[in-house]
Amino acid sequence: MLRRTFLGLLGAAGASAALVKPTQAGNKHFGPHPDTHGVLFDATRCIGCRQCELACNEVNELPAPDKPFDDLTVLDTERRTDEKTFTVVNKYQTAKGPVFRKTQCNHCLEPACASACFVRAFKKQPNGAVTYDASVCVGCRYCMVACPFSIPAYEYDEPLTPRVRKCTMCYPRLMEGKLPGCVEKCPKEALTFGLRTDLIQIARERISRYPEKYVDHIYGEHEMGGTSWMYLSGVPFSEIGMREDLGTASAPELTAGPLAAVPMVVGLWPVLLGGIYAVSKRNAKVANDERVKAVKSALTKAGEEAEKKLHEELGKAEQASQRRIEVEVKKAVEEALAPKEEDAGTNEEES
Amino acid sequence: MANGKRILRLTAIVIALVGVLGFQLEAMGMFEGASEDAGRPDVIMIDTIAKLESLEQPAAVFRHDLHTKALKDQGMSCESCHKKDEKGNLTLTFDRLQDGDWTDLSASGLKDMYHNGCISCHVKSEEKGFKTGPKAGECRSCHQERPEAADRVPAGMDNMLHYAHWNSTVIPADKGKDTNCGACHKKAGEEDSWRFSEAAKTTPLKDVFHSQCVTCHESLIEKKADRSGPVQCAGCHGEKETAERAVEMAKNLKAMGGTVPRLPRKQPDAVLMAPEVKPGDADGKPAGMAPVAFDHKLHEAKTDSCLTCHKDGVNAKLDASYEALHDVNDPATCVGCHVKEQEKPQCAGCHAARPTAKALSKDSCATCHNVDVGEKSGMMAMMATAPLTPATMSKEEKQAEAAKVIAAHPETQAMVAEKDIPEFVTIGALADQYRPSKMPHRKIVMALYKGMQGDKLAAAFHATPEAVCAGCHHNAPATLTPPKCASCHGKPFETEGKPGLKAAYHGQCMDCHKQMKLEKPASTNCVACHEKKTN
Amino acid sequence: MSVETAAAPKKSLFTPFNLIATVILIAGLVVTVMRFTGGLGAVTNLDQNNPWGIWIGFDLMCGVALAAGGYTTSAACYLFGLKKYHAGVRPAILTAFLGYALVVFALGYDVGRPWRLPYPIFVQQGTTSLLFEVGLCVMLYLTVLFIEFTPALFEWLGMKKIRNIVVKMTLALTILGVVLSTLHQSSLGALFTIAPSKLHPLWYSQYLPVFFFVSSICAGMSMVIFEGTLSHKPMHHLMDKEYLDNHDGLILGFGKAASLVLFGYFAIKLIGLAYDNNWHYLTTGFGAWYLVEMLGFVALPSFLYAVGVRDRNLTVIRWAAGLTVLGIIVNRFNISMVAFNYQLPAAQRYFPSWGEITISLFVVTIGVLVFRFISTRMPIFYEHPDYKGEH
């Protein structure tokens with residue numbers, strides 16, 4: 001049990017370990033859809049007026065918030081998106097004074113939520129928006145686990161029809177040729193809407209024209225494989241609440257390894273296990289045959305020995321009886337001779 | 001259970017093994033991340049032996065200020081460690097004189113010298129009852145595997161600090177003169193920064209400065225002078241100490257009226273900067289850019305140190321290449337420094353919005369390149385013309401010519417007549433949820449002009465009074481009747497760099513307010529500029 | 001051995017266990033109503049930052065790991081040919097089947113729309129998702145386990161022919177069971193590979209699927225020993241000679257295997273640590289907790305198992321099994337709740353609510369009660385007399 005189990009498990013572990021790193025399909029590189037649009041957020045322009053939050057609330061017909069949108073004291077606490085708020089603006093105190101940043105779904109090029117969803121409720125549309133289909137959602141909330149930016153929110157207070165809620169890049173409005181609500185409303189054009197490739201050009205231009213004004217980095221150009229919503233900032237991104245340790249690997253890349261192992265396991269395991277079964281069965285059979293053989297030879301040996309002993313005993317018995325016959329014969333002869341002498345003594349009487 | 005004791009014993013052995021392993025790993029430093037302590041300015045790494053052979057132990061960490069303070073507490077002087085040479089000056093090496101003295105010692109000799117010198121003193125201090133450093137056997141306390149990094153502010157002499165020295169009564173004046181330059185500078189008339197001295201060509205710069213400055217300060221302290229400079233590392237290189245001194249200097253400067261008195265080194269007041277013309281060039285015809293009349297006296301007061309522009313020392317010839325004088329990003333150049341000036345709040349309102357590259361547009365060349373250009377105008381105004389031939393002029397002639405042009409510079413910004421500035425401008429092109437905005441136009445323009453009062457840079461480069469209008473009425477000729485914003489700004493996202501009309505309005509005003517550090521009206525206070533429509 | 005239970009005295013229904021179980025059942029029903037009228041927010045402490053709590057961390061992840069005894073025991077008996085484990089197969093299969101069934105039941109509480117649970121398989125397949133992988137394999141494996149359980153059912157019902165057909169499929173079902181188990185045990189670990197920024201580096205690894213799979217083997221074997229120990233006294237009167245004779249041998253054998261596999265698991269975790277060069281995290285607070293998990297719940301039971309096997313000391317092995325089971329729970333909790341979202345400030349971290357704890361207890365109690373119901377009526381701990389010697 002020891003050795004066999006160990007070897008079997010070692011083989012299993014070895015095979016799965018060897019398949020951890022995803023293998024690239026040759027040198028193929030799949031880029032985003034050429035029509036992918038996006039939004040460029042310029043933190044040096046944002047004044048924290050929350051008009052974008054207001055516009056989002058109106059366009060998506062969301063319920064009214066607890067505090068109205070012109071109440072700027074809410075900026076003193078860091079907020080996140082929730083099931084009634086698709087976007088929030090947060091204030092950060094930096095060396096250059098207060099800086100504001102708008103948070104919403106980043107509409108990644110390879111969205112973690114779409115990769116994670118086991119009913120394909122999320123779809124990256126050709127125009128760049130990542131949309132959600134509530135008609136198939138089971139409510140497992142794996143998308144919330146997967147999103148590196150922690151954007152999707154859930155309607156925990158809905159007992160029977162809870163949905164995942166997040167920014168849609170105003171997909172219906174985009175289909176009508178309109179701008180997303182927040183982009184249209186911003187008085188400073190801190191949000192620029194356009195083709196993603198154009199936005200990258202625009203961002204680079206702004207950085208080169210005003211090198212003192214911007215940090216030389218377009219956040220979202222490569223993070224998590226690239227996002228459609230990108231950011232420019234005048235202060236380091238970590239100072240405005242953005243994680244700079246996310247890396248450039250997209251979420252699907254991270255799970256590609258384990259997924260790739262699945263068909264291999266399905267194909268190889270039956271062979272391995274069938275082999276183990278065959279080997280163990282053969283071992284058992286061989287052990288059994290050996291046992292039978294051993295018993296047989298033991299029996300034969302015992303039989304032979306018995307034969308020999310019988311033969312010996314019979315011989316001995318033969319001899320013994322022979323001797324006894326001789327003894328008897330001798331006795332009888334002696335007896336026969338003894339009365340003759342007695343007769344000679346008592347012979348006158350008789351005539 | 002029967003085997004309970006055995007199991008316990010074995011478990012104890014395992015735990016002990018793990019403990020030892022953990023201790024070993026910890027000692028090997030495998031668990032440590034990078035040290036995050038803020039560095040001290042006085043950390044010196046003693047690695048003298050590294051010049052002779054590869055080190056067995058890591059360099060020893062030595063905190064100089066800690067020791068000077070400790071010696072002071074014990075009533076001992078610098079001479080405990082530093083010998084004095086024949087002239088009575090303190091040498092900067094430990095326990096030996098300079099000039100190759102140490103090369104006589106082998107590596108083990110040096111090791112013994114340091115060990116004995118340091119440890120014996122530690123032992124003595126401990127006997128006296130003071131807190132002391134590591135002693136024999138505590139090797140790793142000095143030879144640290146991961147030592148703290150030294151964090152030094154670069155020390156430097158700027159005009160204010162230099163003034164403190166040349167104006168000081170503690171430093172005696174030279175014989176027969178009323179200046180004390182000779183106390184530090186060797187050659188009279190050719191005084192320059194010690195960075196460019198002969199000594200600096202062979203000796204490391206830090207030794208040059210330390211032997212000049214620290215030893216002098218030390219001797220003054222010994223002589224019990226009224227004032228002296230710092231002798232501790234932190235005194236010149238510590239962040240806190242330098243910040244404190246900067247504050248004190250600023251206070252003194254303010255008390256003096258805001259300008260440092262001019263250094264008495266016979267600098268020129270005006271300089272004619274003309275391109276070098278070699279004999280045989282252009283057959284004597286005027287060629288290239290017109291010379292520049294440079295107001296040296298004014299610029300002396302505007303910089304912190306002569307070295308800001310004279311990067312290779314005041315005695316060296318100034319680099320007159322294009323980049324050396326026109327680099328937008330380098331404040332050591334003419335253009336770069338002017339761009340830096342534009343970052344002041346009273347300038348930044350308009351200038352922050354302009355791309356950096358625009359600071360070097362063709363229009364601004366003639367502002368400087370204007371010596372003897374005659375009646376030429378437009379693009380020709382900057383080109384050289386006869387009969388000025390700087391190559392043939394003497395120094396005095398050149399200075400006189402430059403002084404002439406400088407004298408003609410305007411003292412202050414010429415303003416547009418108030419009656420020509422519209423008082424109110426109603427912006428109603430986009431009125432939707434808000435009523436049209438009534439902008440106090442004249443008030444804003446006058447405020448901008450006020451910020452330029454007495455500023456010769458502004459006066460020089462804002463060629464005409466209407467040039468100031470171009471701060472907001474941009475990308476169009478400077479005129480008293482500029483085009484409407486809506487002439488160029490229409491729908492958003494058509495051209496990058498040209499916002500839509502709404503963002504143009506908001507961006508123009510809000511960004512200017514932000515750059516000029518105006519708190520009112522707050523950008524988020526919509527109704528401060530336009531009332532909300534009620535219906 | 002006679003099938004009839006020895007004439008047991010008529011026991012009262014109001015045993016302490018039954019009373020406690022009833023209380024839990026009632027509480028569970030109350031919370032169920034609250035869950036489906038007020039939504040998840042009314043019953044759980046889940047929020048937008050912490051979408052998964054103990055219903056996933058315990059009910060799903062621990063449940064699946066601890067139900068791994070099914071495939072390990074049946075593999076040992078039918079694939080590795082170790083006949084001495086034969087008597088332990090049916091209890092293990094029953095435990096596993098109930099375990100997986102309850103996992104699906106518990107999932108009905110956690111997901112927003114439980115009636116849509118078949119959607120990923122029948123309506124729209126999200127094949128890029130490791131959760132799809134988990135769902136598909138769990139569904140198939142539950143089917144396999146059910147089929148593997150049916151012989152006991154058919155024997156009880158007296159349906160000889162169909163029972164024989166199913167028994168003939170044992171080998172195929174066992175292989176399929178191991179394949180499916182490998183896939184979904186490892187995929188549960190792989191779920192977290194998608195969020196490296198949210199899982200503490202000491203627990204995150206690209207090898208998470210391997211770690212989960214190997215630890216499930218230890219979990220399964222330990223759970224068989226543990227559950228065997230728990231059920232020994234109450235079910236003793238049902239256990240037949242084959243079971244009792246082989247019981248000790250099963251414990252020793254599994255103890256031996258568990259010791260080795262735990263050691264192997266410890267080794268690959270160490271390798272993972274070295275591979276990612278995460279040594280410096282060991283001196284942090286999380287590092288200390290990681291060491292407790294590794295040394296106290298992996299290295300120590302491995303050692304104790306070895307000692308117990310060598311000395312043939314069943315008590316030590318049983319304690320080691322309990323420690324391992326606890327260790328699996330600690331590990332799954334760490335990955336899904338403790339080390340997950342480690343980067344958030346303390347005020348935003350998750351702790352289970354009373355409602356969630358109630359439902360988890362509710363699910364476990366149902367499992368125990370159903371197990372008791374089935375094993376006291378069907379040939380789980382004994383062989384049906386009609387089919388003696390036919391295995």
Side-chain angles (χ1 to χ4, degrees), chain A residues 1-2 4-6 9 12-13 16-17 20-21 80-82 112 114-120 136-142 144-146 148 150 153-162 243 245-247 251-252 254-255 257-259 261-262 265-266 269-270 273-274 276-277 280-281 283-284, chain C residues 35-42 44 46-49 51-52 75-76 78-82 111-113 116-117 119-120 123-126 128-133 135 171 175 178-179 182-183 186-187 190-191 193-198 206-207 209-210 213-214 217 253 256-257 260-261 264 268:
Chain A
M1 164 65 168
L2 225 66
R4 277 178 250 162
T5 320
F6 188 61
L9 289 165
S16 50
V20 159
K21 284 281 178 280
R80 62 151 287 161
T81 56
D82 60 36
S115 168
C117 183
F118 67 165
V119 283
R120 272 190 288 139
V136 291
C137 175
V138 181
C140 74
R141 307 185 302 284
Y142 186 32
M144 295 168 73
V145 171
S150 298
Y154 198 63
E155 291 181 316
Y156 284 111
D157 296 325
E158 276 292 326
L160 297 173
T161 52
R243 288 189 72 163
D245 60 345
L246 294 175
L254 294 165
T255 55
L259 277 172
V262 170
V265 170
V266 173
W269 255 227
L273 297 166
I276 292 172
Y277 170 73
S280 71
K281 205 155 178 251
N283 274 357
Chain C
R35 153 74 180 93
F36 289 101
T37 53
L40 282 164
T44 65
L46 300 172
D47 58 30
Q48 310 300 357
N49 284 325
W52 283 353
Y78 297 121
L79 295 179
F80 293 95
L82 300 158
V111 297
R113 304 193 214 212
R116 285 192 184 171
L117 272 170
Y119 273 40
V123 173
Q124 197 166 268
Q125 299 78 28
T128 58
S129 170
L130 281 155
L131 197 58
F132 173 78
E133 175 62 36
L171 181 64
I175 291 181
V178 176
V179 171
T182 311
L183 291 174
S186 56
S187 296
L191 282 179
T193 57
I194 207 173
S197 57
K198 293 186 183 177
Q206 277 286 310
Y207 291 119
V210 182
F213 173 56
V214 175
I217 297 171
K256 226 192 288 189
L260 252 165
V261 180
I268 59 178

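Computed over heavy atoms, backbone and side chain alike; hydrogens, waters and symmetry mates excluded. Residue numbers start from 1 in every chain, and the chains themselves are labelled A, B, ... in the order their sequence lines are given, proteins ahead of strands.
Annotation: maximal heavy-atom pairing with chain A below 4.5 Å, among C/Val123, C/Leu117, C/Asn49, occurs at C/Asn49. Considering only heavy-atom pairs separated by less than 4.5 Å from chain A, the leading option among C/Ala190, C/Ala195, C/Gly38 is C/Gly38. Contacts with chain C were tallied for A/Pro270, A/Pro252, A/Ala284; A/Pro270 has the most, counting heavy-atom pairs under 4.5 Å. Interface summary for chain C: among A/Thr81, A/Val266, A/Asp245, A/Thr161, the most heavy-atom pairs under 4.5 angstrom belong to A/Thr161. Of all the listed residues (A/Pro159, A/Ala251, A/Gly139, A/Gly247), the one sharing the greatest number of non-hydrogen pairs under 4.5 Å with chain C is A/Pro159. Ranked by heavy-atom pairs under 4.5 Å with chain A, the list C/Phe132, C/Tyr119, C/Trp52 is led by C/Trp52. Counting heavy-atom pairs under 4.5 Å between each of A/Thr255, A/Leu273, A/Val136, A/Val138 and chain C puts A/Val138 at the top. The candidate from C/Arg35, C/Glu133, C/Lys198 with the greatest count of non-hydrogen atom pairs under 4.5 Å with chain A is C/Lys198.
Looking at heavy atoms from C-beta onward, C/Pro120 lies out of side-chain contact with A/Arg120 at the 4.5 angstrom threshold. A/Arg141 places a side-chain heavy atom less than 4.5 Å from the side chain of C/Leu46. Two residues are said to be in side-chain contact when any heavy atoms from C-beta on lie closer than 4.5 Å; C/Ile175 and A/Trp269 fail this criterion. Under the 4.5 Å side-chain criterion, counting only non-hydrogen atoms from C-beta, C/Arg113 is not in contact with A/Leu160. With contacts defined as side-chain heavy-atom distances shorter than 4.5 Å, the pair C/Leu131/A/Cys140 qualifies. Between C/Pro51 and A/Tyr154, the closest side-chain pair of non-hydrogen atoms is not below 4.5 Å. Using a 4.5 Å cut-off on side-chain heavy atoms (C-beta onward), C/Leu79 and A/Ser280 make no contact.
When heavy atoms are compared at a cutoff of 4.5 Å, C/Leu191 approaches chain A by way of both its backbone and its side chain. In this structure, chain C has a heavy atom under 4.5 Å from the side chain of A/Leu246, while its backbone stays farther away. With a threshold of 4.5 angstrom between heavy atoms, C/Ser186 does not approach chain A through any atom at all. Proximity to chain C (any heavy atom under 4.5 Å) is restricted, for A/Cys117, to the backbone atoms N, CA, C and O. For a residue to count as touching a neighbouring chain, one of its non-hydrogen atoms must lie under 4.5 Å from one of that chain's; by this rule A/Pro148 touches chain C with backbone and side chain alike. With a 4.5 angstrom heavy-atom cutoff, A/Asp157 touches chain C via backbone and side-chain atoms both. Interface residue A/Ala153: backbone and side-chain heavy atoms are both found under 4.5 Å from chain C.
Without hydrogens or angle criteria, A/Tyr156 side chain to C/Asp47 main chain gives a donor-acceptor distance under 3.5 Å. Proximity of a side-chain donor or acceptor of A/Arg80 to a complementary backbone N or O of C/Gln48 within less than 3.5 Å is detected.
Looking at every heavy atom in both residues, C/Pro209 comes nearest to C/Thr193 through CD-CG2, 4.3 Å.
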